[in-house]
Amino acid sequence: MDERYEPKQIEPKWQAEWDREELYLTREERDRPKFYLLEMFPYPSGEGLSVGHLHNYVPCDVIGRFKRMQGYSVLHAMGWDAFGLPAENDAILKRLHPRETVPRYAANYKRQLKLVGCAYDWTREIDSSTPEYYRWTQWFFILLFKRGLAYRAIGSQWWCDKCRSVLANEQVVDGRCWRHGDTLVTKKDLEQWFFKITDYADRLLADLAAIDWPERIKLMQTNWIGRSEGAELGFPVVGFPDREVRFFTTRPDTVFGVSFMVLAPEHPLVAEITVQSQRAAVDRYVNEARRQSDIERMSTVKEKTGVATGAYAHNVFTNRDIPIWIADYVLMGYGTGAIMGAPGQDQRDFEFASKYGLEIPRVTTPADGSAPPADRAFTEPGVAINSGFLDRMATADAIRAVCKFAEEKELGRATVSYRMRDWLISRQRYWGCPIPIVYCERECGIVPVPEDRLPVLLPDIKDYQPSGTGRSPLANISEFVNTTCPKCGGPARRETDTMDGFACSSWYFLRFASPHFNKGAFEPAAADYWLPVDLYVGGAEHAVMHLLYARMWTKVMFDAGLIKFNEPFPRLRNQGLILAADGSKMSKSKGNVVTPDAMVEKYGADALRLWEVFMGPFEETTNWNEDGVVGTARFLGRVWAMIRRFVEVGCPAGAPSADTLRWIHKTTRTVTDHIERLRFNTALAALMEELNYLARLKPGEIGRFAIETYVLMLAPMAPHIAEEFWRALGHERSVHLESWPKFDPVLARDEVVTVVVQVNGKLRDKLEVAVGTSEDEIRALALKSDAVIRHLDGKPPRKIIYVPQKLLSIVV
RNA sequence: GCCGGGGUGGUGGAACUGGUAGACACAGAGGACUUAAAAUCCUCUGGGGGUAACUCCCCGUGCGGGUUCGAGUCCCGCCCCCGGCACCA
């Protein structure tokens with residue numbers, strides 16, 4: 001060993017050696033317990049990895065190495081979420097081609113991950129933009145299609161002018177595009193492909209109970225799915241014998257208080273029922289609503305607006321005709337696009353009715369007999385009044401009664417509504433997985449491409465820029481578009497839209513189990529062994545996108561009998577964000593990105609790794625502070641000095657003292673426990689504490705056992721230096737093939753404990769006593785203590801509380 | 001507005017189920033080594049006060065109350081920060 005710790009002398013050397021030994025190939029030994037560890041696979045960006053990204057990858061690498069040492073077969077691989085808008089947008093900006101940039105960026109990510117010593121099995125690397133991969137994305141599309149879960153529909157869709165494509169609901173954030181925060185989305189009428197995720201709403205909701213995920217992610221999904229129980233009812237339109245306004249309500253008990261109806265401006269009935277005198281005003285309002293951005297339209301602070309259609313509906317409960325209005329607070333996409341106005345019991349309806357002078361009947365009153373508020377709606381459950389056959393019923397009973405009545409009279413039924421919409425997956429873009437569908441020009445209609453003719457290859461074209469016409473650039477490639485119908489052989493045209501990038505990431509976790517399998521998306525036996533993922537780690541930003549989609553696809557595969565599990569990620573954790581030193585986000589445009597390359601150059605990969613885990617709790621957001629790397633580098637230098645001294649005197653076997661033995665076992669216990677609980681910062685602190693103890697001893701007093709145990713525990717976090725130590729200690733084989741040390745709880749036990757003595761709840765003395773000292777002895781010792789006597793002030797103790805081996809509390 | 005998460009020294013953060021607040025580090029101060037500097041090592045380091053000295057005293061985990069022998073931790077009421085949702089009938 002050199003006198004000084006020089007990371008540059010050892011890190012490249014061991015990385016090359018590990019590669020040569022193929023140390024990190026997955027050991028797929030099916031009789032061993034398995035551990036499938038997975039980070040959300042990244043979209044390789046041109047900016048490369050920052051030290052912020054490593055706050056995810058380094059701790060996961062620690063877990064993978066730790067589990068491997070514990071004897072698990074570990075699957076830990078990396079791949080690239082390469083298809084999709086982010087990659088294409090970047091290439092457009094740089095006037096390059098994604099086919100060129102994506103592999104280049106991915107290679108750079110890979111280089112950086114290797115630079116910091118991450119132990120991925122690179123023989124399992126995957127790239128979602130390669131035909132070997134997207135062939136199976138297409139296969140899944142067809143699976144969904146065949147199961148009735150992929151359908152085509154026309155409708156008003158979110159459109160981003162910068163992406164020049166439609167977007168899914170999940171990709172619209174605050175009325176803006178998820179990739180272009182400065183661009184408000186608009187609506188466009190297009191025929192599009194959807195996945196019927198709403199069919200899975202109930203299961204996606206119910207199965208959340210059984211998975212170990214951060215509570216806040218579960219909540220976001222729960223809110224996103226937005227399940228509401230209620231009833232769907234219909235009131236006839238006066239003067240239109242075969243027309244009715246159908247509406248959904250969560251409060252069918254308030255039907256006797258319905259004094260008006262409101263349709264969404266886009267509602268198809270509007271054009272039909274509007275009376276001549278109102279037509280101009282209605283048209284103006286509808287156009288205005290369409291022009292408005294949704295961020296304006298959905299603002300809750302905005303005053304309610306609306307226009308009467310002049311038409312009336314018949315409230316079959318009150319037997320009265322009530323006006324039908326249109327208003328933009330009613331959304332076409334939820335329920336039926338129409339509501340009943342019950343202003344006495346709904347605050348929004350109350351505001352609307354107040355503004356337009358509509359009647360405000362009160363049909364619910366507080367159960368305790370108090371008066372309902374006069375200046376707003378009473379929205380709580382209570383007791384029905386002025387409600388015919390519902391009078392005096394509690395809200396819950398009245399709801400049931402109305403549903404029963406409605407079913408008997410065929411007016412409607414109890415039902416459940418969700419705010420989640422189907423997943424719009426068509427994109428009018430080039431860089432995505434082609435949708436494997438053909439439109440037959442004779443009579444076969446929509447025909448899926450047969451499985452044995454997959455993949456539908458993405459043509460290699462130069463001008464891939466989105467057209468903005470609502471059609472993908474693929475529509476201009478006649479060789480691609482024109483084909484024959486797989487069914488009848490007649491002339492046919494290909495679907496030219498590509499899939500949302502989130503389709504590719506909805507099944508990739510299965511691909512790692514058998515990444516080169518070419519007879520299916522995955523090899524069943526491999527999937528059975530490895531899946532589901534034992535620990536899934538990624539950012540919280542995917543809560544209602546990737547994480548919801550992947551759960552849906554998994555359930556589809558489960559239903560199709562392809563896999564035996566129905567949740568892909570039973571245990572999920574979100575790593576905390578690393579911000580720049582000033583608390584802002586790291587970005588190239590701000591020039592505040594700290595790269596692993598710079599940190600490795602300055603301090604070495606191991607010191608960087610240690611600081612990544614030491615700077616704070618894994619799941620919490622922290623600001624980057626380079627000074628900390630100095631500290632972890634210094635720590636490694638001190639370990640180096642200790643081990644060098646030990647090696648120089650010939651690695652004496654030594655006979656550790658009881659104290660030393662206790663330190664070893666206690667530290668092993670702490671480090672094991674804390675890594676398991678993903679508390680890497682405190683695991684490392686325990687190793688630092690033990691070093692502070694060991695470094696004061698002479699090599700002969702420490703002994704080989706203590707040194708080796710220490711090196712083994714350091715290995716997952718600082719793999720290079722640990723390898724250097726291990727070999728210097730005379731071992732032929734890599735430290736990373738060794739077993740994780742076990743601790744002996746008996747040897748870890750303290751011989752002396754500190755018992756705290758309190759008088760009236762304040763700490764007054766500390767007694768160092770042998771473990772097992774009796775309460776009586778401790779009481780006697782405490783009452784003899786000068787400090788205690790002083791604070792007792794001559795009074796006799798009224799009460800003494802004893803917490804064994806910990807504390808004695810005297811009350812006077 | 002609603003729903004989560006959080007607020008602890010100069011800084012990052014420790015403190016398992018109510019039981020020694022500030023582990024482990026960073027920064028800072030002083031000292032050793034050195035011609036000097038860097039590196040390294042040692043000591044001190046929440047605030048205030050007291051003492052010849054100490055094993056001394058008081059205060060202290062966003063704010064105000066409460067429960068308890070004992071509260072960073074539990075309860076009630078506020079303030080602030082971060083994240084999510086936001087007219088979903």
Side-chain angles (χ1 to χ4, degrees), chain A residues 4 173-175 214-220 222-224 226-228 230 247-251 254 262 264 297-302 304 327-331 333-342 345-349 351-352 417-421 540-541 543-544 574 577 579 583 610-611 614-617 619-632 634-635 637-638 641 670 673-674 677 679 681-689 691-692 695 754-766 785-787 790 797-801 803 806-812:
Chain A
R4 278 172 49 100
V173 180
D174 288 340
E215 217 43 49
R216 107 193 112 114
I217 302 285
K218 288 194 190 185
L219 243 129
M220 280 191 233
T222 303
N223 293 338
W224 187 262
R227 184 181 195 276
S228 305
F247 57 92
F248 173 76
T249 176
T250 53
R251 291 290 302 274
T254 63
V262 188
R297 178 163 166 188
M298 298 203 291
S299 162
T300 49
V301 293
K302 199 185 83 172
K304 307 250 170 319
D328 64 4
Y329 79 94
V330 177
L331 309 172
Y334 183 74
T336 62
I339 62 157
M340 61 178 210
Q345 269 55 60
D346 183 285
Q347 187 56 29
R348 295 155 301 188
D349 297 345
E351 287 166 23
F352 192 75
S417 193
Y418 300 91
R419 60 200 297 169
M420 182 170 66
R421 317 289 154 81
E541 68 274 16
V544 292
N574 300 128
L577 235 52
L579 304 170
L610 290 189
W611 179 237
F614 191 61
M615 60 192 297
E619 300 190 68
E620 253 153 61
T621 296
T622 329
N623 296 357
W624 175 256
N625 172 12
E626 194 183 316
D627 292 343
V629 197
V630 178
T632 52
R634 196 177 290 158
F635 161 72
R638 294 180 63 211
T670 307
D673 181 54
H674 287 213
R677 288 156 59 197
R679 301 170 65 138
N681 54 335
T682 47
L684 179 53
L687 285 172
M688 288 175 169
E689 277 185 85
L691 177 72
N692 289 343
T754 307
V755 174
V756 169
V757 184
Q758 295 183 348
V759 177
N760 287 337
K762 279 191 197 263
L763 179 123
R764 295 305 178 191
D765 203 357
K766 295 177 188 180
S785 148
D786 289 343
R790 197 165 54 234
R798 278 198 291 128
K799 192 171 165 189
I800 296 180
I801 293 139
V803 181
K806 244 185 190 163
L807 173 138
L808 190 80
S809 183
I810 304 169
V811 191
V812 288

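The sequence lines fix the lettering, A, B, ..., with proteins before strands; numbering per chain opens at 1.
A:Asn625 has its side chain out of reach of A:Asn623: every pair of non-hydrogen atoms, C-beta onward, lies at least 4.5 Å apart. Contact of the A:Arg764 side chain with the A:Gln758 side chain is not registered, since no non-hydrogen atoms from C-beta on lie closer than 4.5 Å. Taking 4.5 Å as the limit, some side-chain heavy atom of A:Tyr334 sits within range of a side-chain heavy atom of A:Phe248. Put simply, the side chain of A:Arg227 does not reach to within 4.5 Å of the side chain of A:Thr222, judged on heavy atoms.
With rounding to whole Å, A:Ile801 atom CD1 is found 12 Å from B:G18 atom C1'. Whole-Å rounding puts the A:Phe248 CZ to B:C87 P distance at 17 Å. Between A:Gln347 atom CD and B:C2 atom P there is a gap of 14 Å when expressed in whole angstrom units. At whole-Å resolution of the value, CZ in A:Arg790 and P in B:C57 are 5 Å apart. A straight line from CZ of A:Arg216 to P of B:G6 spans 10 Å, rounded to a whole angstrom. We find that CZ of A:Arg764 is positioned 10 Å from C1' of B:C56, with the value rounded to whole Å. Going from atom CZ of A:Arg419 over to atom C1' of B:G84 covers 12 Å, rounded to whole Å. Note: CG (A:Leu687) to C1' (B:A14) measures 16 Å, nearest angstrom.
Not a single donor-acceptor pair, N or O on each side, falls under 3.5 Å between the base of B:G13 and the side chain of A:Glu620.
Note on A:Pro214: nothing from the nucleic acid sits closer than 4.0 angstrom, heavy atoms only. Using a 4.0 Å heavy-atom cutoff across all strands shown, A:Asn681 reaches sugar-phosphate atoms only and no base atom. A:Arg421 comes within 4.0 angstrom of a base, heavy atoms only. Across all strands, A:Asp627 comes closer than 4.0 Å only to sugar-phosphate atoms, never to a base (heavy-atom distances). Using a 4.0 Å heavy-atom criterion, one finds that A:Glu215 contacts no nucleic acid atom at all. Within 4.0 Å of A:Leu807, counting heavy atoms only, lies at least one base atom of the nucleic acid. Contacts of A:Gly226 with the nucleic acid, taken as non-hydrogen atoms under 4.0 Å apart, are absent. Heavy atoms of A:Asn692 sit under 4.0 angstrom from primed sugar atoms or phosphate atoms, though from no base atom. No engagement by A:Arg677 is indicated, since no non-hydrogen atom pair under 4.0 Å with the nucleic acid exists. When heavy atoms are screened at a 4.0 angstrom cut-off, A:Phe614 is found touching base atoms of the nucleic acid. No contact: A:Arg798 has no heavy atom under 4.0 Å from any strand. Residue A:Thr622 is in sugar-phosphate contact alone, with no base atom involved, counting any heavy-atom pair closer than 4.0 Å across all strands shown.
Of the candidates B:C24, B:U20, B:G84, B:C24 carries the atom nearest the A:Met688 side chain, counting heavy atoms from C-beta on. Of the candidate nucleotides B:G84, B:A39, B:C41, B:C41 has the atom nearest to the side chain of A:Arg638. For A:Val630, the side-chain atoms get nearest to B:A27 when compared with the rest of B:A14, B:A27, B:A23. Of all nucleotides listed (B:U20, B:G19, B:A15), B:U20 comes nearest to the side chain of A:Val756. Closest contact between the side chain of A:Ile339 and the listed nucleotides B:A39, B:A23, B:A89 involves B:A89. For A:Leu763, the side-chain atoms get nearest to B:U20 when compared with the rest of B:C69, B:U20, B:G13.
Close to B:A15, at under 4.0 Å from its OP1 or OP2, lies a side-chain N or O of A:Arg679. For B:G70, the OP1/OP2 oxygens have no side-chain nitrogen or oxygen of A:Asn760 closer than 4.0 Å. Between A:Ser228 and B:A89, a side-chain N or O to OP1/OP2 separation shorter than 4.0 Å is present. At the phosphate of B:A25, neither OP1 nor OP2 sits under 4.0 Å from any side-chain N or O atom of A:Asn625. Of the side-chain N and O atoms in A:Lys799, one or more sit less than 4.0 angstrom from OP1 or OP2 of B:C69. Taking only side-chain nitrogens and oxygens, A:Lys762 comes nearer than 4.0 Å to OP1 or OP2 of B:C59. Residue A:Arg634 places at least one side-chain N or O closer than 4.0 Å to OP1 or OP2 of B:U40.
B:C2: Watson-Crick or G-U partner is B:G84, with both key distances under 3.5 Å. Pairing of B:U11, defined by two Watson-Crick or G-U wobble distances under 3.5 Å, is identified with B:A25. Using N1 to N3 plus N6-O4 or O6-N4 for Watson-Crick, or N1-O2 and O6-N3 for G-U wobble, each under 3.5 Å, B:U40 pairs with B:A32. Both distances falling under 3.5 Å, in either a Watson-Crick or a G-U wobble arrangement, occur for no nucleotide opposite B:U73. Across all strands shown, B:A53 forms no Watson-Crick or G-U wobble pair with both distances under 3.5 Å. Across all strands shown, B:U17 forms no Watson-Crick or G-U wobble pair with both key distances under 3.5 Å.
Nearest heavy atoms, A:Trp224 versus A:Val544: CB-CG1, 3.5 Å.
Going from the C1' atom of B:C42 to that of B:G47 covers 26 Å, rounded to whole Å. B:G30 and B:G22: their C1' atoms are spaced 23 Å apart (whole Å). Using P as the reference atom, B:A27 and B:U34 are 25 Å apart when rounded to the nearest Å. Nucleotides B:A21 and B:C57 place their P atoms 13 Å apart, quoted to the nearest Å. B:U45 and B:C82 have their C1' atoms separated by 31 Å, given to the nearest Å. Going from the P atom of B:U73 to that of B:A15 covers 16 Å, rounded to whole Å. Atom name C1', nucleotides B:C87 and B:C80: the rounded distance is 28 Å, in whole Å. When the P atom is used for both B:U55 and B:U68, the distance is 36 Å, rounded to whole Å.
Panel note: side chain A:Arg421, backbone A:Gly333; a donor-acceptor pair is recorded below 3.5 Å. Within the 3.5 Å criterion, the main-chain N or O of A:Gly583 finds no donor-acceptor partner in the side chain of A:Trp624. No donor-acceptor pair closer than 3.5 Å links the side chain of A:Asn760 to the backbone N or O of A:Val811.
Comparing A:Thr250 and A:Ala686 along RNA chain B, the residue whose closest nucleotide (by nearest heavy atom) sits nearer the 5' end is A:Ala686.
Look at B:G30: its glycosidic torsion is beyond 90° from 0, and that puts it in the anti range.
The cationic atom of A:Lys304 (NZ for Lys, CZ for Arg) lies less than 6.0 Å from the six-membered ring centre of A:Tyr329 and within 45° of the ring axis.
A:Asn223 and A:Arg419 share no donor-acceptor pair across their side chains, judged by distance under 3.5 Å alone.
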